[in-house]
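A quick write-up on the structure given underneath.
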Amino acid sequence: MNLSNAIAQMITDMLEDKNEVEIQRNILAQNLGCVPSQINYVLSSRFTPERGYMVESRRGGGGCIRITRIRYDKNTLLMHVVNSIGSDIDEATARSHLMNLVCQELISKRDGAIMLAAISDNNFRGIPQNIRDVIRASIFKQMLLSIMQ
């Protein structure tokens, strides 16, 4: 297991029984034998709002980072995702949204797979990237809205 995976797993384990955890970045880095910036990288890439987390950094007193697992009801979270998409979305970001929805069991694995197939770059061959991302956003939003009904 690489270091980023180990850090992410440790934080996920801390969140297992509760929705919020406070860590001191420097102490966690010392325990894992890494630099504090590695902790920052994992937090910014794996504990994002799209994946259902909120990360707050507090300064002073040794500083700490609060990681909160965000829990919403199905329609609220789906509407949040729809609103966050904007006018365009790339495949990787859409995939992150879908993975989060499946992990939180707000959509089934089957529905997630179908939606991912529909918004895949494979469907938009020959279409310029900027147009492809606009079309993908529109399709993705409509699929999410249809799940809410």
Side-chain angles (χ1 to χ4, degrees), residues 1-122 124 129-130 132-141 143-145 147-148:
M1 177 182 299
N2 72 31
L3 185 57
S4 293
N5 289 341
I7 295 167
Q9 186 60 51
M10 179 177 274
I11 294 170
T12 303
D13 290 345
M14 288 181 206
L15 286 164
E16 188 74 26
D17 297 329
K18 46 191 169 178
N19 287 331
E20 182 176 290
V21 66
E22 285 190 12
I23 60 171
Q24 290 189 315
R25 186 181 66 136
N26 291 338
I27 292 173
L28 185 59
Q30 285 176 346
N31 290 341
L32 291 167
C34 67
V35 294
S37 62
Q38 186 72 36
I39 306 295
N40 286 348
Y41 167 75
V42 171
L43 291 173
S44 66
S45 63
R46 301 193 189 188
F47 293 88
T48 63
E50 293 83 16
R51 293 185 176 191
Y53 297 94
M54 183 173 62
V55 178
E56 299 172 89
S57 180
R58 295 191 316 190
R59 305 270 185 224
C64 73
I65 297 170
R66 178 182 297 149
I67 305 160
T68 307
R69 182 179 296 145
I70 303 167
R71 298 278 186 203
Y72 296 112
D73 65 73
K74 180 179 179 176
N75 286 344
T76 301
L77 184 55
L78 289 173
M79 201 58 184
H80 172 73
V81 173
V82 168
N83 290 331
S84 71
I85 291 171
S87 61
D88 61 359
I89 190 169
D90 61 40
E91 183 179 6
T93 304
R95 181 184 305 269
S96 288
H97 283 299
L98 281 172
M99 287 174 50
N100 183 42
L101 294 171
V102 170
C103 286
Q104 292 191 24
E105 298 179 352
L106 294 172
I107 62 173
S108 69
K109 287 181 182 181
R110 181 177 181 272
D111 287 347
I114 291 168
M115 292 172 77
L116 186 58
I119 60 175
S120 168
D121 274 340
N122 292 334
F124 306 111
Q129 188 68 43
N130 60 330
R132 163 186 316 197
D133 290 346
V134 170
I135 295 169
R136 182 185 351 266
S138 179
I139 292 170
F140 191 29
K141 286 178 185 180
M143 288 188 295
L144 292 172
L145 290 171
I147 289 174
M148 290 175 61

### Task
State whether the side chain of Ser120 and the backbone N or O of Ala117 hold a donor-acceptor pair below 3.5 Å, judged by distance alone.
no
### Query
Just wondering, more than 12 heavy atoms not from Phe124 lying within 6.0 Å of its CZ?
yes
### Task
Work out which heavy atom in Ser108 is nearest to a heavy atom in Val102; give both atom names and the distance.
O-CG2, 3.8 Å
### Message
If I take atom CG from residue Leu98 and atom SG from residue Cys103, how far apart are they, to the nearest 0.5 angstrom?
### Response
10.5 Å
### Message
Can you tell me how the ring of His97 sits relative to the ring of Phe140, calling it parallel under 30°, perpendicular over 60° and tilted otherwise?
### Response
tilted
### Message
Any side-chain to backbone donor/acceptor pair from Arg25 onto Ile39? Under 3.5 Å, distance only.
### Response
no
### Query
Any ion pair linking Arg136 and Asp121 (charged N to carboxylate O, less than 4.0 Å)?
yes
### Task
Can you measure from CD (Gln9) to OG (Ser4) and round to the nearest 0.5 angstrom?
13.0 Å
### Task
Inspect the surroundings of CG in Asp13 and state if more than 12 heavy atoms from other residues, nucleotides or ligands are less than 6.0 Å away.
yes
### Message
For Lys18 versus Arg69, what's the shortest heavy-atom pair and its separation?
### Response
O-NH1, 4.1 Å
### Message
Can you tell me how far apart CG (Leu43) and CD1 (Ile65) are? Round to the nearest 0.5 Å.
### Response
5.0 Å
### Task
Measure the shortest side-chain to side-chain distance between Ser96 and Thr48 over non-hydrogen atoms and say whether it is less than 4.5 angstrom.
no
### Query
Any side-chain heavy-atom pair from Met10 and Leu28 closer than 4.5 angstrom?
yes
### Message
Run Met115 and Leu144 through side chain to side chain contact (heavy atoms under 4.5 Å, CB included) and show every step you take.
### Response
CA-CA 9 Å; Met115 292 172 77; Leu144 292 172; 3.5 Å; yes
### Message
Distance alone, cut at 3.5 Å: any donor-acceptor contact between the side chains of Gln129 and Asp133?
### Response
yes
### Message
I need the Thr12 OG1 to Tyr53 OH distance, nearest 0.5 Å.
### Response
5.0 Å
### Task
Output yes when a side-chain donor or acceptor of Lys141 lies under 3.5 Å from a complementary backbone atom of Asn83, and no otherwise.
no
### Task
Kindly indicate whether the side chain of Asp111, heavy atoms from C-beta on, has any atom under 4.5 Å from the side chain of Met143.
no
#### Entry: Non-hydrogen atoms of Ile119 and Glu91 that approach each other most closely
O-CG, 4.4 Å
## Note on the structure
Looking only at heavy atoms, the pair that brings Asn26 and Pro36 closest together is OD1-CG, 3.4 Å
### Query
Minimum heavy-atom separation for Ile85 to Ala137, with atom names?
CG2-CB, 3.6 Å
### Query
How far apart are the closest heavy atoms of Asn2 and Asn5, and which atoms are they?
OD1-N, 2.8 Å
### Task
To the nearest 0.5 angstrom, please state how far the CD atom of Gln38 sits from the CG atom of Leu3.
4.5 Å
### Message
Using 0.5 Å steps for rounding, measure from the CG atom of Leu145 to the CE atom of Met79.
### Response
5.5 Å
